[in-house]
2 protein chains.
Amino acid sequence: MRPPKLTLAAVAKEVGVSAPTVSKVVNGRQDVAEETRNRVLAALHRTGYRSPLQRKSPPAQQAVEVVFDSLNSAYSVEVLNGIMEHAAASQMEVILSVTSRQSASPVDPEERAQRLLDEGRSGMIVVTSAFGPGQLKAFQRRRIPVVVVDPLNPPPGDVFSVGASNWAGGKAAASHLLELGHRRIAYIGGPAAAECSQARLHGYMAALMAAGVPVVEEYVSAGPFRSSTGVAAMKSLLALDDPPTAVFAASDSIALGVLAEARRQNIRIPDDMSLVGFDGTTQAEESLPPLTSVSQPLLEMGRSALSFILRQRSGEEIDSRRVELATHLVVRESTAPPRTQQSPAGLRRQAD
Amino acid sequence: MRPPKLTLAAVAKEVGVSAPTVSKVVNGRQDVAEETRNRVLAALHRTGYRSPLQRKSPPAQQAVEVVFDSLNSAYSVEVLNGIMEHAAASQMEVILSVTSRQSASPVDPEERAQRLLDEGRSGMIVVTSAFGPGQLKAFQRRRIPVVVVDPLNPPPGDVFSVGASNWAGGKAAASHLLELGHRRIAYIGGPAAAECSQARLHGYMAALMAAGVPVVEEYVSAGPFRSSTGVAAMKSLLALDDPPTAVFAASDSIALGVLAEARRQNIRIPDDMSLVGFDGTTQAEESLPPLTSVSQPLLEMGRSALSFILRQRSGEEIDSRRVELATHLVVRESTAPPRTQQSPAGLRRQAD
DNA sequence: CTGAAAGCGCTTACAG
DNA sequence: CTGAAAGCGCTTACAG
């Protein structure tokens with residue numbers, strides 16, 4: 001005698017609810033009590049129920065969706081590389097999408113989440129993207145593992161996330177400059193709203209305050225993580241009566257902009273001014289002079305994100321929903337003691 | 001009033017048969033008269049009937065596999081961006097893989113091709129990769145559309161490929177330098193075996209020969225598309241008795257290496273030496289000085305590759321299996337007339 | 001939030 | 001070979 005057919009009704013009977021209720025859970029409907037949903041999901045999982053749809057098509061290759069807001073930075077590509085590496089090692093397919101490349105129509109999150117489910121995907125990784133809590137809910141309701149990497153906005157407490165120790169990194173950068181003897185240290189940040197950017201700023205401020213150095217408002221600016229931000233900020237800084245002797249840029253791209261503008265104005269780095277970047281991408285390594293930079297373990301961040309998905313998928317109980325990987329300062333040739341602490345005028349004469 | 005729902009019953013009514021009969025045809029049953037079957041099939045096709053199953057899963061979401069050998073270059077990322085853009089516009093999913101990230105086990109091409117087929121993928125795009133003819137055959141046998149972008153080795157004649165007019169680009173770069181008055185022009189190429197690299201070299205040679213300028217062996221070198229190649233080549237060039245007054249680098253990364261080494265040796269660009277890159281990535285734009293470079297339509301190449309797949313997929317008859325997109329020279333600030341055509345010694349004195 | 005009842009669209013079993 | 005009738009499994013609309 002064959003086991004009774006694995007229908008939706010059979011699952012319902014097993015859980016002790018009605019068929020319509022199971023139907024709702026399977027389709028990610030809203031109107032199911034949390035507790036009921038959990039019991040049904042458990043039974044669905046235990047019995048291995050597959051909808052007629054799923055039954056028809058062969059069990060698909062395990063796959064994970066990866067969403068970037070853009071691929072136009074060394075940062076993104078490195079995180080992607082980390083994901084790809086882990087994916088290859090664990091036989092996962094990676095379905096990539098880039099929101100900034102999306103043509104007009106933004107995808108409805110409910111629809112997207114349902115499709116993920118229908119196609120049997122293992123989860124989704126969202127990188128540097130402004131995924132709102134509303135969008136995340138569509139996934140949580142369907143129990144699709146989601147991991148965000150360096151979210152623009154801090155994610156709701158129950159969402160898994162991967163980041164780097166930005167605060168400590170900011171502090172390390174500023175401390176390094178302070179130890180070299182700098183007192184006038186500028187900070188050029190990323191988007192003011194971005195979580196990581198704020199953390200770096202606060203690390204910088206913490207270091208200054210610990211050293212008894214006041215935080216000067218004109219020394220702090222913000223902008224997108226692009227070299228143009230560094231160029232613009234550097235122009236303003238050099239126009240100050242009392243320009244800084246060192247600059248801490250919140251990304252290597254920004255730092256490269258600073259470097260370009262410095263060269264244009266004949267400010268030598270590190271002789272006339274010290275410069276620290278953030279990210280530790282090859283850009284920093286290959287620039288001239290090679291940039292002192294706070295290195296983020298970007299590959300590792302990508303790997304961790306995927307490994308979070310895999311662990312959730314395998315039903316592992318995960319206690320901490322946030323992984324923060326260590327940054328570390330890599331000292332290269334763009335930082336040196338200040339030329340003369342007393343003579344800011346000397347710096348500007350040099351520039352003429 | 002909306003059109004009546006397109007059910008199996010509706011189709012039946014239209015043909016003048018019963019629903020069960022249509023059901024049999026849809027499911028490929030035997031017990032239907034040939035003539036009836038044909039009429040039903042015609043109606044099915046005409047009305048565009050889709051079973052609830054087909055209707056539900058948005059046609060198993062069309063997807064294309066994209067294979068890169070590596071993602072560590074502005075070139076690759078830009079091509080990928082082009083693919084992503086077109087994919088978003090045409091509602092395709094992109095399944096990414098990177099061969100250099102592949103853990104030890106190389107995937108068996110037969111297996112890979114079969115999986116592609118099983119999962120109903122639309123095709124595969126292979127970028128800058130050394131995909132052998134043997135591997136391609138596994139796909140051709142299964143009628144899976146494959147498009148290669150800038151293959152390392154020229155693909156078999158019947159494979160679709162997308163590239164840029166490398167020869168013309170090389171010629172344009174060298175011509176530009178010749179027109180400025182340069183006669184001692186070096187070429188730093190990419191991997192000697194790479195098709196695109198050879199084309200650029202031959203374009204360069206053609207321009208020199210047309211101008212009656214001999215091709216000097218010591219002025220021509222090759223290496224990976226990385227900045228270190230530029231550094232090394234530049235060192236050798238500057239050590240020559242008769243160093244060139246201009247350098248044409250086969251990629252922007254290589255050119256950036258040349259630039260760095262020039263700065264280290266106090267060779268000013270373009271005053272002491274002119275420099276032309278290739279690719280036209282933002283690296284070239286943002287460098288200091290901004291680099292004159294042969295721009296490749298990388299986004300467009302990505303888009304074209306995908307559009308090739310889509311056209312093949314839709315059964316379109318395609319006459320030409322090779323698309324070659326135009327490159328064009330973008331003159332920026334790294335090129336200028338030679339300082340003194342007569343005094344190579346002058347250049348070297350300058351460098352001391 | 002839940003489920004009895006009705007409904008939907010397709011398929012099956014079988015009489016003709 | 002065909003189709004009326006019964007059946008299946010899931011979903012919907014809605015009363016409680």
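Residue numbers begin at 1 in each chain, while the letters A, B, ... track the order of the sequences.
The side chain of A:Thr7 lies closest to D:dG9 when the candidates are C:dT11, D:dG9, C:dT2. Distances were taken from every side-chain heavy atom of B:Ala33 (C-beta onward) to each of C:dG3, C:dC10, D:dC1; the shortest belongs to D:dC1.
Nucleic acid contact for B:Val22: none, since no nucleic acid atom lies under 4.0 Å from a heavy atom of the residue.
Separating the CZ atom of B:Arg37 from the P atom of D:dT2 is a distance of 10 Å, rounded to the nearest angstrom. Between the CD atom of B:Glu34 and the P atom of D:dT2 there is a distance of 11 Å, rounded to whole Å. Note: NZ (B:Lys13) to P (D:dG3) measures 15 Å, nearest angstrom. In this structure, A:Leu8 places its CG atom 6 Å from P of D:dT11, rounding to the nearest Å. As rounded to whole Å, 9 Å separates atom P of C:dG3 from atom CZ of A:Arg39.
C:dT2 and C:dA6: their P atoms are spaced 22 Å apart (whole Å). Taking atom P in both C:dA13 and C:dG9, the straight-line distance is 22 Å, to the nearest Å.
Taking a pair as Watson-Crick or G-U wobble with both distances under 3.5 Å, DNA chain C forms stems of 3 or more consecutive pairs at C:1-3 with D:14-16, C:5-12 with D:5-12, C:14-16 with D:1-3.
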Enumerate all atom pairs, one protein N or O and one N or O from nucleotides 12-16 of chain D, separated by less than 3.5 Å.
residue, atom, partner, partner atom, Å
D:dT12, OP2, A:Arg29, NH1, 3.3
D:dT12, OP2, A:Arg29, NH2, 2.7

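Contact annotation: B:Tyr49 side-chain N/O to C:dC10 OP1/OP2 distance is under 4.0 Å. The side chain of B:Thr21 contributes an N or O atom lying less than 4.0 Å from OP1 or OP2 of D:dG3. Checking the phosphate oxygens (OP1, OP2) of D:dC1, no side-chain nitrogen or oxygen of B:Thr36 falls inside 4.0 Å.
The ring pair (Phe, Tyr, Trp, His ring centres under 6.0 Å) analysis of residues 14-40 of chain A, with sequence neighbours excluded, yields no pairs.
For A:Thr128, there are no side-chain hydrogen bond (donor to acceptor under 3.5 Å, both in side chains) partners two or more places apart in sequence or in a different chain. The side-chain hydrogen bond (donor to acceptor under 3.5 Å, both in side chains) test applied to B:Gln312 returns no partner, not counting sequence neighbours.
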Requested in this report: For A:Arg143 and A:Glu34, run salt bridge (Lys or Arg N to Asp or Glu O under 4.0 Å): C-alpha distance rounded to whole Å, both residues' side-chain angles, the deciding distance at 0.1 Å, then the answer.
Outcome: CA-CA 11 Å; A:Arg143 298 290 180 287; A:Glu34 204 47 28; 2.8 Å; yes

Requested in this report: Check the pair B:Glu35, B:Arg39 against salt bridge (Lys or Arg N to Asp or Glu O under 4.0 Å), reporting the backbone distance first and the verdict last.
Outcome: CA-CA 6 Å; B:Glu35 196 266 330; B:Arg39 269 168 45 227; 3.5 Å; yes

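Looking at B:Ile83, B:Val149, B:Val79 one by one, the single match for side chain to side chain contact (heavy atoms under 4.5 Å, CB included) with B:Val66 turns out to be B:Ile83.
Taking the nucleotide of DNA chain C with the nearest heavy atom to each of B:Ala9 and A:Val32, the more 5' of the two is matched to A:Val32.
Here the straight-line distance linking atom CZ of A:Arg121 with atom CD of B:Glu93 works out to 4.5 Å at 0.5 Å rounding.
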Ignoring hydrogens and angles, write down the donor-acceptor pairs under 3.5 Å from the side chains of residues 301-310 of chain A, residues two or more places apart or on other chains.
residue, atom, partner, partner atom, Å
A:Arg303, NE, A:Glu85, OE2, 2.7
A:Arg303, NH1, A:Glu300, OE1, 2.3
A:Arg303, NH2, A:Glu85, OE2, 3.1
A:Ser304, OG, A:Glu300, O, 2.9

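Side-chain polar atoms of A:Arg200 and A:Thr327 form no donor-acceptor pair below 3.5 angstrom.
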